[in-house]
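Notes follow once the structure below has been shown.
For clarity, every value in this text was computed on a predicted model and none was experimentally measured.
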Amino acid sequence: MSQVALAISLFFHILATVVWIGGILLITFLVVPQVNDVLEEHPALHQLLLRIRKRFAHVSNLALAALVVTGLLQMTADPNYDGMLRLDNQWSRVLLLKHLLIVVMAILGLSLQWGLAPALERASMLVQREKGHDHEWRRLRRKERQLSVMIALLAVSILATSAWLVSI
């Protein structure tokens, strides 16, 4: 791969990382807690968090796709890369760890996006229409917070393995 192509790939990889992991950390530790504090039990809370979640899902999925493509390009261009699942050196083992963390994070993110979020949306609508149970909505919100924090911690772990890879 030429230096120009590698630089372009690296630029888009870093940009996608900032969008994906930065967005996760920002939403998890800043936006959601502040919105919860301000709106607490106000019905607008449900709609605002739903809009943020849906908007970010599209952006983060695009960023994840860019990370996969650019990451594969960079991996194969790296002199430490010996081939798929060849774990002959420390760099390859750390890269495998990073990829495993990404897979776990992606699975948790998809379960949040396609499983928990729709259930939370249904529960929110039922509570707003006074047809649902508030305790079910609260249970789902707790589960969403726990899953979001787990995803954020995995994101930080991925950044740490990236730093480790560069230091090898």
Side-chain angles (χ1 to χ4, degrees), residues 8-74 94-166:
I8 291 169
S9 175
L10 192 54
F11 168 77
F12 282 109
H13 196 78
I14 292 169
L15 180 63
T17 301
V18 168
V19 169
W20 188 41
I21 293 179
I24 288 169
L25 296 176
L26 181 72
I27 290 169
T28 302
F29 296 117
L30 184 66
V31 173
V32 170
Q34 291 302 311
V35 168
N36 282 330
D37 286 349
V38 171
L39 295 177
E40 255 179 75
E41 299 301 319
H42 195 279
L45 171 68
H46 313 301
Q47 289 303 313
L48 180 59
L49 290 177
L50 176 65
R51 285 180 173 196
I52 291 170
R53 187 182 312 111
K54 283 185 176 182
R55 177 69 60 98
F56 184 66
H58 296 301
V59 172
S60 66
N61 289 343
L62 181 63
L64 183 55
L67 283 168
V68 169
V69 171
T70 58
L72 288 173
L73 291 172
Q74 291 168 40
V94 174
L95 185 64
L96 176 63
L97 173 63
K98 178 181 175 180
H99 288 164
L100 291 173
L101 292 170
I102 290 168
V103 167
V104 170
M105 186 176 164
I107 290 169
L108 292 178
L110 289 172
S111 69
L112 177 63
Q113 183 177 343
W114 296 103
L116 186 59
L120 188 56
E121 186 177 351
R122 281 190 297 281
S124 294
M125 284 191 291
L126 289 172
V127 167
Q128 286 176 2
R129 296 176 182 163
E130 298 179 5
K131 294 182 179 182
H133 300 286
D134 196 42
H135 66 277
E136 175 65 8
W137 178 81
R138 289 182 191 284
R139 184 187 70 77
L140 290 171
R141 287 283 295 136
R142 258 191 319 277
K143 193 171 179 179
E144 179 191 37
R145 276 191 292 274
Q146 291 168 345
L147 198 51
S148 296
V149 169
M150 286 173 44
I151 289 169
L153 293 174
L154 281 166
V156 171
S157 299
I158 291 165
L159 289 177
T161 58
S162 295
W164 189 4
L165 279 170
V166 172

*asked:* Restricting to side-chain hydrogen bond (donor to acceptor under 3.5 Å, both in side chains), what partner residues turn up for Arg53, sequence neighbours left out?
replied: Glu144
Pair up each side-chain donor or acceptor in residues 66-74 with any protein partner under 3.5 Å, not counting sequence neighbours, and list the distances.
unit_1 : atom_1 : unit_2 : atom_2 : d
Thr70  : OG1    : His13  : ND1    : 2.6
Thr70  : OG1    : Ala66  : O      : 2.7
Gln74  : NE2    : Ser9   : O      : 3.1
Gln74  : NE2    : Ser9   : OG     : 3.1
Gln74  : NE2    : Thr70  : O      : 3.4

*Side chains of Leu154 and Val104: closer than 4.5 Å at any heavy-atom pair?*
yes
*For side-chain contact (heavy atoms from CB on, under 4.5 Å), just list the numbers for Leu25 and Val156, CA-CA rounded to whole Å, side-chain angles, deciding distance to a tenth of an Å, and then say yes or no.*
CA-CA 9 Å; Leu25 296 176; Val156 171; 4.0 Å; yes
_Can you tell me how far apart OG1 (Thr161) and CG (Leu165) are? Round to the nearest 0.5 Å._
6.0 Å
*So do the side chains of Asn36 and Arg141 get within less than 4.5 Å of each other, counting heavy atoms only?*
yes
*Which pair of non-hydrogen atoms, one from Val19 and one from Ala63, has the smallest distance, and what is that distance?*
CG1-CB, 4.0 Å
*Heavy-atom closest pair, residues Ser124 and Trp137*: OG-NE1, 2.9 Å
*Drop me the distance from Glu136's CD to Leu120's CG, to the nearest 0.5 angstrom.*
9.5 Å
*Does Ser148 reach the side chain of Val32, with side-chain heavy atoms less than 4.5 Å apart?*
no
_Nearest atoms (heavy-atom pairs only) where Gln113 meets Asn61_ = NE2-ND2, 2.9 Å
*When you measure from the side chain of Ser60 to the backbone N and O of Ala57, does any donor-acceptor pair fall under 3.5 Å?*
yes
*asked:* Quick check: closest heavy atoms across Trp20 and Phe56, and the distance to 0.1 Å?
replied: O-CZ, 3.6 Å
_Could you tell me if the side chain of Ile158 sits less than 4.5 Å from the side chain of Thr17, heavy atoms only?_
no
*Can you tell me how far the CZ atom of Arg142 sits from the NE2 atom of His135, to the nearest 0.5 Å?*
10.0 Å
*For Trp164 and Leu97, which heavy atoms make the closest approach, and how far apart are they?*
CZ3-CD2, 4.2 Å
*Tell me, with the steps shown, if Leu153 and Val149 meet side-chain contact (heavy atoms from CB on, under 4.5 Å).*
CA-CA 6 Å; Leu153 293 174; Val149 169; 4.1 Å; yes
*Got more than 12 heavy atoms from elsewhere within 6.0 Å of CZ, Arg55?*
no
*Leu140 side, atom CG; Glu121 side, atom CD - distance, nearest 0.5 Å*: 12.0 Å
*side-chain contact (heavy atoms from CB on, under 4.5 Å) between Leu147 and Ser111, worked out*: CA-CA 9 Å; Leu147 198 51; Ser111 69; 3.9 Å; yes
_CE on Met150 to CG on Leu108, rounded to 0.5 Å_ = 4.5 Å
*Drop me the distance from Gln34's CD to Ile27's CD1, to the nearest 0.5 angstrom.*
14.0 Å
